[in-house]
Protein chains: 2
Amino acid sequence: MKQAAKVMTLADIARLAGVSESTASRALRDNPVINAQTRQKVQQIAADHQFKVNATARSLRTQKSHTIAVIILFDAKTQQAISDPFLLDILGVIADELTAKGYDMLLSTSKTTDKDWRSYYFDSKRADGLIVIGQGEHDARVDQLAAAGVPFVLWGAATGTEQYPVIGSDNRQGAQLAVAHLIKQGCKRIAFLGDIRHTEIEMRYLGYQDALRAAGIKPEPALQLNTDFTAQAGYLQTQQALFDQLASLDGIFAASDAIAMGAMKALLEHGIKVPQQVAIVGFDDIAMSAYCTPSLTTVKQDTHAGGQLLVAELLSRIDGGKAASQLLPVKLVDRQSSLRNST
Amino acid sequence: MKQAAKVMTLADIARLAGVSESTASRALRDNPVINAQTRQKVQQIAADHQFKVNATARSLRTQKSHTIAVIILFDAKTQQAISDPFLLDILGVIADELTAKGYDMLLSTSKTTDKDWRSYYFDSKRADGLIVIGQGEHDARVDQLAAAGVPFVLWGAATGTEQYPVIGSDNRQGAQLAVAHLIKQGCKRIAFLGDIRHTEIEMRYLGYQDALRAAGIKPEPALQLNTDFTAQAGYLQTQQALFDQLASLDGIFAASDAIAMGAMKALLEHGIKVPQQVAIVGFDDIAMSAYCTPSLTTVKQDTHAGGQLLVAELLSRIDGGKAASQLLPVKLVDRQSSLRNST
DNA sequence: AAGCATAATGCAATCGATTGCAATACGCTT
DNA sequence: AAGCGTATTGCAATCGATTGCATTATGCTT
């Protein structure tokens with residue numbers, strides 16, 4: 001029993017059913033040109049033997065692998081995305097959606113994968129299409145995919161100039177909501193912690209500026225502090241800001257919840273009361289945000305809808321349809337870190 | 001340029017090199033039966049055209065897909081693992097290690113995948129082997145893989161009775177270290193928050209009991225509280241414990257950092273000082289643990305070594321070698337949540 | 001020059017599922 | 001019974017890379 005038995009092929013199933021291989025193949029696929037009785041018979045025999053067709057043989061013949069490659073794209077110099085709960089959320093949804101649609105999912109990260117995605121995944125028939133998560137700092141490989149007409153979609157921020165479908169949250173509006181909320185809580189001098197060299201963060205910075213201007217506050221460039229996507233970076237950057245005598249800060253908008261938590265830790269360590277002295281808002285609504293102390297006000301991204309859309313748009317594209325960029329709504333989730341009871 | 005050009009095949013490369021397809025194939029693989037000059041010539045032409053052999057054709061002929069399926073196994077009724085940073089850490093390492101070894105990684109979750117892993121992944125040649133992450137509550141599919149002789153390894157807790165290789169941290173020792181630390185900090189009555197129906201957590205409970213007994217403290221069954229792997233479950237369970245008049249609690253050992261953070265939130269909300277009144281230790285050392293307030297004492301699992309070992313053992317097995325269960329060392333990382341300065 | 005050993009290469013079969021088209025079977029109408 | 005139309009099935013080719021074995025080429029020795 002320990003020894004792997006010889007794996008059955010379609011030929012074995014056909015023999016047991018007393019039909020040819022081609023009939024067995026068509027019957028298994030429920031092709032109506034085959035008589036219903038024959039179909040049922042073949043399918044039963046296959047089920048009895050837990051038979052699955054050889055996927056590689058099928059892929060070679062049909063020129064379709066029924067596999068999607070998902071690539072997590074980030075900078076070699078940042079460790080952020082790899083442990084970001086937001087990322088795992090969206091990966092889980094993608095995996096489940098692909099499974100439901102009969103596709104397998106290949107996963108890799110751009111950290112160690114310097115290969116040409118087109119030839120490696122698409123031309124060599126490993127995958128029928130690609131989902132790229134993240135934009136890094138404008139990776140040329142994404143442009144190459146688009147130029148080559150490879151079916152793919154990207155999770156990130158659409159600027160409107162891309163030649164490929166981008167799906168992502170309305171970063172600009174999310175940031176605007178967050179900063180408007182901080183202003184409403186009485187904040188006058190709000191720092192922005194995030195790396196605007198990333199398109200998504202750049203859009204959040206625009207929303208930050210929108211909210212400031214709408215309140216008649218002139219944005220100060222010195223309050224925009226490039227920060228990697230880790231709690232550690234948020235902590236160190238906030239410590240630096242306090243040392244740099246940005247002591248008149250009364251608000252922080254962080255480009256991610258991880259950054260926000262690090263910043264909050266630095267503030268509390270300096271005896272600064274959150275939110276009374278400095279209020280904080282993050283972005284993502286990861287599961288932990290409700291359970292840190294104080295709980296974190298944040299902008300919620302709908303990872304579920306995002307994952308579903310990525311899959312739906314890509315499969316539409318693969319099936320010959322069009323894939324369009326889409327902007328997902330965001331929502332402010334207010335919690336302790338920003339609520340000053342200043343009604 | 002937008003239109004996908006016809007994909008080159010090995011036959012095209014062979015024609016350009018002026019050799020047969022079999023020579024081209026052998027040359028591309030650097031087979032020494034082919035003259036070095038011929039090899040170099042073929043390889044150069046392939047590189048000039050960014051040529052990759054058709055993966056499905058190769059798999060069919062060689063009977064090897066060079067793909068590993070990674071399955072995240074958890075209960076349908078728990079949402080835990082899907083957003084656990086610990087999980088993403090280990091997935092990232094596995095992905096990178098497999099890439100480095102020339103393998104692709106398929107990812108799926110057991111939530112929506114009820115298929116027979118043997119026939120779906122192994123018999124149908126989608127994958128050469130499997131890595132299963134987690135044990136859930138003794139999933140029969142794992143036993144079936146072992147019985148069928150499918151090459152796989154599992155991340156979890158080894159009880160010593162498994163017929164397959166299990167790789168995981170020394171959960172028992174980790175818990176023992178954590179609880180011994182709490183006792184050293186003066187804790188007398190320590191709750192255990194975790195679901196012992198999971199083997200890993202059961203081992204942690206054994207370590208918890210070991211430490212209590214070593215200190216001459218009799219373990220109280222009422223202090224073991226089944227808790228799902230979420231911060232929310234930790235929060236609710238701790239609130240319940242406080243309501244149940246477990247007010248004489250002075251320590252909490254949580255089976256994961258997420259649970260610990262939820263528990264800490266509940267304590268702080270009740271005005272209970274951490275660690276002065278109740279000290280807390282978690283398990284995992286996720287990135288956030290250092291940045292919550294107070295920072296969380298925890299048991300560090302070496303996800304990097306774990307991911308590497310999972311891959312190494314599985315590939316050894318696939319190559320005809322033996323794969324052995326391995327226990328990884330753990331380490332207590334002490335931080336604010338448990339340090340009472342009670343020297 | 002002939003013979004032998006070794007190096008290098010190519011032919012053809014193989015892997016297992018699918019599918020176009022031809023052949024066969026069946027049912028109905030005249 | 002013959003003819004026609006439709007349903008059902010099977011043959012054989014195909015997909016593209018790999019590899020066993022035969023063939024050819026080359027170099028060395030006698």
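Owing to the predicted nature of the structure, the values given are computational and were not obtained by experimental measurement. By convention in this document, chain letters (A, B, ...) are assigned in the order of the sequence lines, proteins followed by strands, and residues within each chain are numbered from 1.
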| request: Start with the C-alpha distance between R118(A) and D123(A), add both sets of side-chain angles, then the distance that settles salt bridge (Lys or Arg N to Asp or Glu O under 4.0 Å), and finish with yes or no. | output: CA-CA 6 Å; R118(A) 170 190 164 172; D123(A) 287 353; 3.0 Å; yes

| field | Phosphate OP1/OP2 of dT9(C) contacted by T23(B) side-chain N/O (<4.0 Å) | value | no

| request: Identify the heavy atoms of L91(B) and V70(B) that sit nearest to each other, and give their distance. | output: CD2-CG1, 3.8 Å

| message | Whether the side chain of S59(B) engages the backbone of A55(B) through a donor-acceptor N/O pair (distance < 3.5 Å, no angle test) should be reported. | response | yes

| field | Nearest-Å distance for atom pair CZ/P, residues R15(B) and dG10(C) | value | 15 Å

| request: Please report the closest heavy-atom contact between F122(B) and A127(B), naming both atoms and the distance. | output: CD1-O, 3.7 Å

| task | Spell out, as yes or no, whether a donor-acceptor pair under 3.5 Å connects the side chain of E97(B) to the backbone of G307(B). | result | no

| said: To check you understand the geometry: which heavy-atom pair defines the closest contact between A157(B) and E162(B), and what is its length? | reply: O-OE2, 3.7 Å

| field | Distance in angstrom units between D123(A) CG and dG16(D) C1', rounded | value | 14 Å

| request: Rounded to the nearest angstrom, tell me the gap between atom CD in E21(A) and atom P in dT18(C). | output: 10 Å

| Residues which pass salt bridge (Lys or Arg N to Asp or Glu O under 4.0 Å) with E200(B), listed by chain and number, not counting sequence neighbours | R204(B)

| task | Would you work out how much the helix from dA1(C)-dT30(D) to dT30(C)-dA1(D) bends between its ends, with each end axis defined by five base pairs, to 10 degrees? | result | 60°

| message | Can you measure L10(A) atom CG to dC15(D) atom P for me and round it to whole angstrom units? | response | 20 Å

| request: State whether the side chain of D128(A) and the backbone N or O of H66(A) hold a donor-acceptor pair below 3.5 Å, judged by distance alone. | output: yes

| task | Would you jot down, in residue-number order, the residues of residues 50-65 of chain A having a non-hydrogen atom under 4.0 Å from DNA chain C? | result | F51(A), V53(A), N54(A), A57(A), R58(A), R61(A), T62(A)

| note | salt bridge (Lys or Arg N to Asp or Glu O under 4.0 Å) filter on R15(A), not counting sequence neighbours, yields D12(A)

| field | Under 3.5 Å donor-acceptor pair, S22(B) side-chain atoms to dC11(C) base atoms | value | yes

| query | What pairs meet the salt bridge (charged side-chain N to carboxylate O under 4.0 Å, His left out) rule with one or both residues in residues 34-46 of chain A, with sequence neighbours excluded? | reply | D30(A)-R39(A)

| query | Going by number, which of residues 24-41 of chain A have a non-hydrogen atom under 4.0 Å from DNA chain C? | reply | S25(A), R26(A), R29(A)

| So, for Y121(B) and S108(B), which heavy atoms are closest and what is the spacing to 0.1 Å? | OH-OG, 2.9 Å

